[in-house]
Amino acid sequence: MEQEEKSLNFIEQIVEKDLAEGKNDGRIQTRFPPEPNGYLHIGHVKAICMDFGIAEKYNGVCNLRFDDTNPVKEDTEYVDSITNDIAWLGFKWGNIYYASDYFEQLYDLAIRFIKEGKAYVDEQTAEQIAEQKGTPTEPGVASPYRDRPIEENLRLFQAMQNGEIEEGKMVLRAKIDMANPNMHFRDPIMYRIITSHPHHRTGHRWNVYPMYDFAHGQSDYFEGVTHSICTLEFVVHRPLYDWFIDQFAEGDYRPHQYEFNRLNITYTVMSKRKMLQLVKEGLVAGWDDPRMPTVCGLRRRGYTASAIREFIDKIGYTKVEGMIDLGLLEHTVRENLKMSAPRVCAIFDPVKLVITNYDAEGETIVAENIDGNPELGTREMRFAKELYIERADFQEEGDKNFYRLSPMGREVRLKSAYIIQATGCEKDADGNITTVYATYDPQSKSGTEGGNRKTKATINWVECNSCIDAEVRLYDRLFAVENPSAEEGDFRELLNPDSLKIVNAKVEGALAGVKPQEHFQFLKQGYFVVDDDSSAEHLIFNRTASLKDNWQK
RNA sequence: UGCUCAAUGGUGUAAUGGUAGCACUACAGAUUCUGGUUCUGUCUGUCUGGGUUCGAGUCCUGGUUGAGCAACCA
């Protein structure tokens, strides 16, 4: 069997080139470095697939490293959710590390920088420092503390760590170049004092904490990372990443940073800050609300790990910042569930159908879970004189484009059962249809000789006495506009007011014992998953994705 | 009027100096016991000016457009 060769993305090309040149003795090591300050979302999954994927593909290792350098925002709650989500996605890390594992080493390194005249303690306010930084078009000016004697820097930095200095009063800055066109070289802050919050792992051991730029590259170096892959906004940090490492590294080994485009999807946001706000203000039901682009939200929505990974595989990695059509994500999950989700009938807006010439007590029909795939099993459906059908499947005066039930003589198939013809209907005082009447052809049962006759339409049904009630949550896009981040004003006003509609549906009795995370296709409706809060007493289904609907009025 | 990165159909992505291809979307037709699926077909693209070359989406150069960078965040 010939397999079409998938082209390599630009990072894979770099890795293969490095491998061919024998760099790092052929060793490939990556890391996924989340900050434990929020839940993982599908944008992170893109990074996860890259970091773990490269290691897997080239016989390397990918470690999980929590970038926990800011105790103000971080917590073990997030550590747990992150490891859980990565495992659910099906990835295996080598080790779990923490940037806080290196606080001792980083502190010693900072001391060395001070002793070598490459760092100084600044006691200006944050505002003063920001002002002196200049702008992208104007150079900055030097801090008055820039040329403090080394001994004094040493003493003050130790005082910072000893808790003798109040939070916010002093920082340790690298002495580089206040006029550098790259803003990140204008004496970046290496350490700040944080005494107000204990660290989730080191408690009150430290009063000073390293900044990202002084921690990330060094951590990579300490661990032996070869390819440090991140998103595009870190491109401008790369020279500083290299600079810090070059100040102390020995030998030839260097980790290298590479950057790819982050994921944006239409009709959603990919910002932890905005997600946190939606959760905190109760605009969604939580981090795992099925409308959220979080991993736990997608899972609860009914997305499988393989569907999410297939999606990431489709979108690719480049350096072009773009916006992925939400339709591609939906297409991917439909494709993913198509071959596995059992088909069942669920009636969202029921109207009673009475088959006037059906005199038997009722009968049991055996239906395939997926048409044409008998190996995927069958289920029993109760059939009798009184059924529920979808209100929209009957029109008293159907036009020529409507080819379902109508008392105009056309024959319609009841899915997996008999062919019927509508004879009329009954209405209440307001003119609403309360009952539809039809006759059936006893010879037309599905699977029998007489049932081979073609009908233009097939409609869904459930039997009145055996069907069960279920709450069905119809989820739709979270935002009403394609790109909420591009709009002026408050993003919360852009929320889609119809992102959740709840209906009380009648579903087949066969669904009585379903468990959370079981997937189904409700015929003609879409893919649905059993919600985590569902129980035998109160069934709840979440719509994962609707079916495509080409029937336009 | 700084530095950095980028520019291929509506969207995403390939072509690594040699036939601009794939997927999604849209539209049309066929099939269908889901107006789903499947199958077939159609529409639509190399930002722009110059240069190198037998040959440029690809290399060079000028421009245009977009994005990122001025947190004691990561």
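Lettering of chains follows the sequences in order, A, B, ..., and the numbering in each one begins at 1. A quick note: this is a predicted structure, and the numbers were derived from the prediction, not measured.
Within 4.0 Å (heavy atoms only), A/L523 reaches at least one base atom of the nucleic acid. Within 4.0 Å of A/A215, counting heavy atoms only, lies no atom of the nucleic acid at all. If you check every strand for non-hydrogen atoms under 4.0 Å, A/K524 touches a base. Within the nucleic acid shown, A/E131 has no heavy atom closer than 4.0 Å to any nucleic acid atom. Across all strands shown, A/R343 has heavy atoms under 4.0 Å from base atoms, whether or not it also approaches the sugar-phosphate. Across all strands, A/Y191 comes closer than 4.0 Å to no nucleic acid atom at all (heavy-atom distances). Within the nucleic acid shown, A/Y209 has no heavy atom closer than 4.0 Å to any nucleic acid atom. Using a 4.0 Å heavy-atom criterion, one finds that A/G322 contacts the sugar-phosphate atoms exclusively. At a threshold of 4.0 angstrom between heavy atoms, the contacts of A/N460 with the nucleic acid are absent. Counting non-hydrogen atoms under 4.0 angstrom, A/N401 reaches a base of the nucleic acid. Within the 4.0 angstrom heavy-atom criterion, no nucleotide atom of any strand lies near A/G372. Contacts of A/I315 with the nucleic acid, taken as non-hydrogen atoms under 4.0 Å apart, involve only primed sugar atoms and P, OP1 or OP2. Heavy atoms of A/K133 sit under 4.0 angstrom from primed sugar atoms or phosphate atoms, though from no base atom.
For A/F311 and A/Y303, the distance between ring centers is not under 6.0 angstrom. Remark: aromatic rings of A/Y317 and A/F10 are distant, center separation not under 6.0 Å. Separation of the A/F528 and A/F541 ring centroids does not fall under the 6.0 Å cut-off. A/Y241 has its ring centre no less than 6.0 Å from the ring centre of A/F234.
Using a 3.5 Å distance cut-off with no hydrogens or angles, the side chains of A/Y120 and A/D187 do pair a donor with an acceptor.
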Enumerate all atom pairs, one protein N or O and one N or O from nucleotides 46-48 of chain B, separated by less than 3.5 Å.
none

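Here the nucleotide nearest the side chain of A/V320, chosen from B/U13, B/A14, B/C24, is B/U13.
For the pair A/R453 and A/E411, the salt-bridge criterion is met [side-chain N within less than 4.0 Å of a carboxylate O]. Checked for salt-bridge contact, A/K17 and A/E21 meet the test: a charged N lies under 4.0 Å from a carboxylate O.
Identified under the ring pair (Phe, Tyr, Trp, His ring centres under 6.0 Å) test for residues 157-177 of chain A, with sequence neighbours left out: A/Y107-A/F157, A/F157-A/Y191.
Distances shown here put a side-chain N or O of A/H331 below 4.0 Å from the OP1 or OP2 atom of B/C24. Remark: A/T318 is in phosphate contact with B/U13, judged by side-chain N or O atoms under 4.0 Å from OP1 or OP2. Contact annotation: A/R238 does not reach the phosphate of B/C5 (side-chain N/O to OP1 or OP2, under 4.0 Å). For the pair A/K338 and B/U38, the criterion of a side-chain N or O lying under 4.0 Å from OP1 or OP2 is met. Between A/N550 and the phosphate of B/G36, there is a side-chain N or O to OP1/OP2 separation shorter than 4.0 Å.
In the region residues 256-277 of chain A, proximity to RNA chain B at under 4.0 angstrom, judged on heavy atoms, holds for A/N261. Using a 4.0 Å cut-off on heavy atoms, the residues of residues 69-77 of chain A that approach RNA chain B are A/T69, A/N70, A/K73, listed by number.
If A/N9 and A/I194 are placed on RNA chain B by their nearest nucleotide, the residue sitting closer to the 5' end is A/N9. Ranked by how close their nearest RNA chain B nucleotide is to the 5' end, A/Y212 and A/N182 are led by A/N182.
Annotation: side-chain contact (heavy atoms from CB on, under 4.5 Å) contacts of A/S100 (sequence neighbours excluded): A/D68, A/Y98, A/F103, A/H199, A/R201, A/T202.
The shortest heavy-atom contact between A/E368 and A/N373 is OE1-N, 3.9 Å.
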query: Could you spell out the base pairing of RNA chain B in dot-bracket, with Watson-Crick or G-U pairs whose two distances are under 3.5 Å, [ ] crossing and | to another strand?
result: .((((((..((((....[..)))).(((((.......)))))....(((((..]....))))))))))).....

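With hydrogens and angles disregarded, no donor-acceptor distance shorter than 3.5 Å links the side chain of A/N63 to the backbone of A/R65.
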